[in-house]
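Worth knowing before you read on, the calculation uses all heavy atoms, side chains too, and leaves out hydrogens, waters and symmetry mates.
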Amino acid sequence: MVTLLLFIILLGVIIFIHEGGHFLFAKLTGIYVHEFALGMGPKLISKQGKETLYSLRAIPIGGFCQLAGEEGEDTTIPKERTLQGKKPWQKFLVMFFGAGFNFISAMLMLFFIALIFGAPNMAPVLSSVAEDSPASAAGLEEGDKILSINNHAIHTTDDISIYITLDKHKEATVFEVEKEDGSKETYEVMPEKKVTEDDQVSYYYGIGMQGETERGFLASINYMITKTGSLLKQMVITIVNLFTGNLSVSQLSGPVGIYQIVGEQAAGGVANILYLFAFLSINVGFLNLIPFPGFDGGHILFVIIEKIKGSPVNPETEAKIQTVGLFLLMLLMIYVTFNDVLRLF
């Protein structure tokens with residue numbers, strides 16, 4: 001019950017911030033907002049403002065900010081008050097700052113975490129190498145700074161994690177390191193394959209990356225910037241590997257998978273929950289900026305096309321393309337959720 005409540009609160013706050021960004025910039029640019037809703041499905045509570053209907057809906061996943069002219073021509077509102085009636089730069093601001101507010105809230109949360117709990121050092125230096133482990137056998141040592149893994153440049157501990165995760169482990173993993181004396185060495189590590197009782201496969205290297213924790217305002221700022229950049233890099237790498245086929249869509253997580261993660265992080269304490277908020281916020285912001293119909297990035301793509309060609313794309317044509325995109329996204333969400341459920345059994 002506690003996990004479910006945390007799940008609803010976390011997603012609710014993230015979505016509220018996202019839609020709040022759209023809402024604020026719509027108001028600032030003079031766009032009429034028909035409805036600002038948190039949740040989906042039938043209305044539970046609603047209140048009519050001067051212009052906008054504010055509502056809480058039954059399904060606690062999702063939300064929307066219904067802008068005049070967003071889904072084609074809106075004849076009930078003067079054109080200058082619609083999205084279609086605004087200049088390209090105004091449309092861009094409205095569409096970008098849903099994700100923009102997610103990024104800002106994530107960065108503030110990461111700064112807060114570092115300020116209160118300490119800022120982890122993200123330098124890619126091995127803090128430990130287990131005895132009789134594959135890494136130790138290959139020659140890796142405590143204090144080694146990882147420069148690259150399989151020719152991928154390494155800048156943070158997060159880089160180490162994602163490139164090891166993406167490795168197919170058909171051959172030895174190649175580590176280029178800088179030793180404590182400044183010399184550079186290359187090691188080939190063949191990890192040990194482990195299979196759990198429920199057939200989950202993992203690969204054991206025997207390395208630890210627990211850096212020292214720093215405190216202070218400047219350390220917190222540095223962590224906020226480094227961690228945000230690292231998480232965005234992880235998202236780019238993930239999307240690229242999805243398109244190249246190195247990562248399967250079946251490995252993605254939907255609401256059920258996120259629910260499980262919330263439960264796991266809740267057991268780790270307040271800092272873990274706050275970090276999960278920042279992580280999910282950056283994920284939501286990044287995904288929404290992908291230039292695919294149905295995402296905010298799809299709307300921004302049409303704004304860029306409008307700027308290049310000097311005239312807006314036909315509103316009805318844009319609305320149809322966005323609808324097809326939303327339909328495809330719904331199919332993807334159903335598929336991902338189905339895989340999440342299968343992984344439970």
Side-chain angles (χ1 to χ4, degrees), residues 122-142 144-178 184-211 227 229-254 256-258 260-261 264 279-280 282-283 286-287 290 292 331-345:
M122 296 183 65
V125 177
L126 299 183
S127 60
S128 64
V129 177
E131 290 184 17
D132 301 321
S133 66
S136 176
L140 287 171
E141 300 174 306
E142 179 182 338
D144 286 351
K145 181 180 180 181
I146 309 299
L147 301 178
S148 72
I149 293 178
N150 293 337
N151 294 319
H152 297 291
I154 301 297
H155 301 288
T156 67
T157 51
D158 287 345
D159 290 345
I160 297 175
S161 298
I162 192 164
Y163 284 120
I164 283 178
T165 300
L166 291 172
D167 194 331
K168 295 299 183 184
H169 303 105
K170 294 179 180 178
E171 299 177 353
T173 306
V174 181
F175 289 80
E176 182 189 2
V177 308
E178 181 180 303
K184 295 180 181 178
E185 300 287 346
T186 300
Y187 300 100
E188 294 187 357
V189 183
M190 180 57 74
E192 180 184 338
K193 184 177 180 179
K194 295 191 174 184
V195 182
T196 62
E197 292 181 359
D198 55 354
D199 295 327
Q200 293 295 314
V201 177
S202 64
Y203 292 87
Y204 174 68
Y205 286 83
I207 57 177
M209 298 168 286
Q210 188 64 44
K227 191 66 177 181
S230 178
L231 290 174
L232 286 171
K233 180 181 177 180
Q234 283 187 6
M235 290 299 299
V236 171
I237 292 170
T238 300
I239 295 299
V240 169
N241 278 271
L242 278 171
F243 277 102
T244 59
N246 193 43
L247 188 65
S248 169
V249 175
S250 63
Q251 294 174 263
L252 300 179
S253 287
V256 176
I258 295 172
Q260 283 186 292
I261 294 170
E264 293 167 2
F279 175 80
L280 292 175
I282 288 176
N283 275 255
F286 180 88
L287 289 173
I290 293 174
F292 185 83
L331 289 179
L332 176 61
M333 182 57 71
I334 292 169
Y335 175 75
V336 169
T337 303
F338 178 73
N339 280 320
D340 280 343
V341 173
L342 286 181
R343 282 194 285 264
L344 294 176
F345 302 99

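Expressed to the nearest 0.5 Å, how far CG of Asn241 lies from OH of Tyr163 amounts to 8.0 Å. Atom CD of Glu176 is separated from atom NZ of Lys145 by 11.5 Å, given to the nearest 0.5 angstrom. Atom CD of Glu192 sits about 9.5 Å away from atom OG of Ser133, to the nearest 0.5 Å. We find the CG-NE2 distance between Asp167 and His152 to be 8.5 Å, quoted to the nearest 0.5 Å. Note: Thr156 OG1 to Ile146 CD1 = 12.0 Å, rounded to the nearest 0.5 Å. Interatomic distance, CD1 of Ile282 versus NZ of Lys227, reported as 9.0 Å (0.5 Å rounding).
The shortest side-chain heavy-atom distance between Asn283 and Met235 falls under the 4.5 Å cut-off. Looking only at side-chain heavy atoms (C-beta outward), Ile239 and Leu287 come within less than 4.5 Å of each other. No side-chain heavy atom of Asp159 sits less than 4.5 Å from a side-chain heavy atom of Gln234. For the pair Ile162/Thr238, a side-chain contact is recorded, criterion being any heavy-atom separation below 4.5 Å from C-beta on.
Here the options are Val189, Ile154, Thr186, the test is side chain to side chain contact (heavy atoms under 4.5 Å, CB included), and the partner is Phe175; only Val189 passes. Applying side chain to side chain contact (heavy atoms under 4.5 Å, CB included) to Val177 and the options Leu126, Leu140, Leu147 leaves one that passes, Leu140.
Within the structure, no pair that satisfies the salt bridge (Lys or Arg N to Asp or Glu O under 4.0 Å) test touches residues 126-139, not counting sequence neighbours.
Heavy atoms only, all atoms of each residue included: Pro124 and Ile160 are closest at CB-CD1, 3.8 Å. Taking every heavy atom of both residues into account, Ala130 and Ser136 meet most closely at O-CB, 3.3 Å. Closest of all the heavy-atom pairs between Ala172 and Asn150 is O-OD1, 4.2 Å. Closest approach of Met209 to Ser161, counting heavy atoms only: CE-OG, 4.0 Å.
For His169, the side-chain hydrogen bond (donor to acceptor under 3.5 Å, both in side chains) partners two or more places apart in sequence, or in a different chain, are Tyr205.
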Could you go step by step and tell me if Ser127 and Glu142 meet the side-chain contact (heavy atoms from CB on, under 4.5 Å) rule? CA-CA 5 Å; Ser127 60; Glu142 179 182 338; 5.7 Å; no
Taking it one step at a time, do Ile164 and Ile207 satisfy side-chain contact (heavy atoms from CB on, under 4.5 Å)? CA-CA 11 Å; Ile164 283 178; Ile207 57 177; 4.1 Å; yes
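With salt bridges taken as basic N to acidic carboxylate O contacts below 4.0 Å, none links Lys233 and Asp158.
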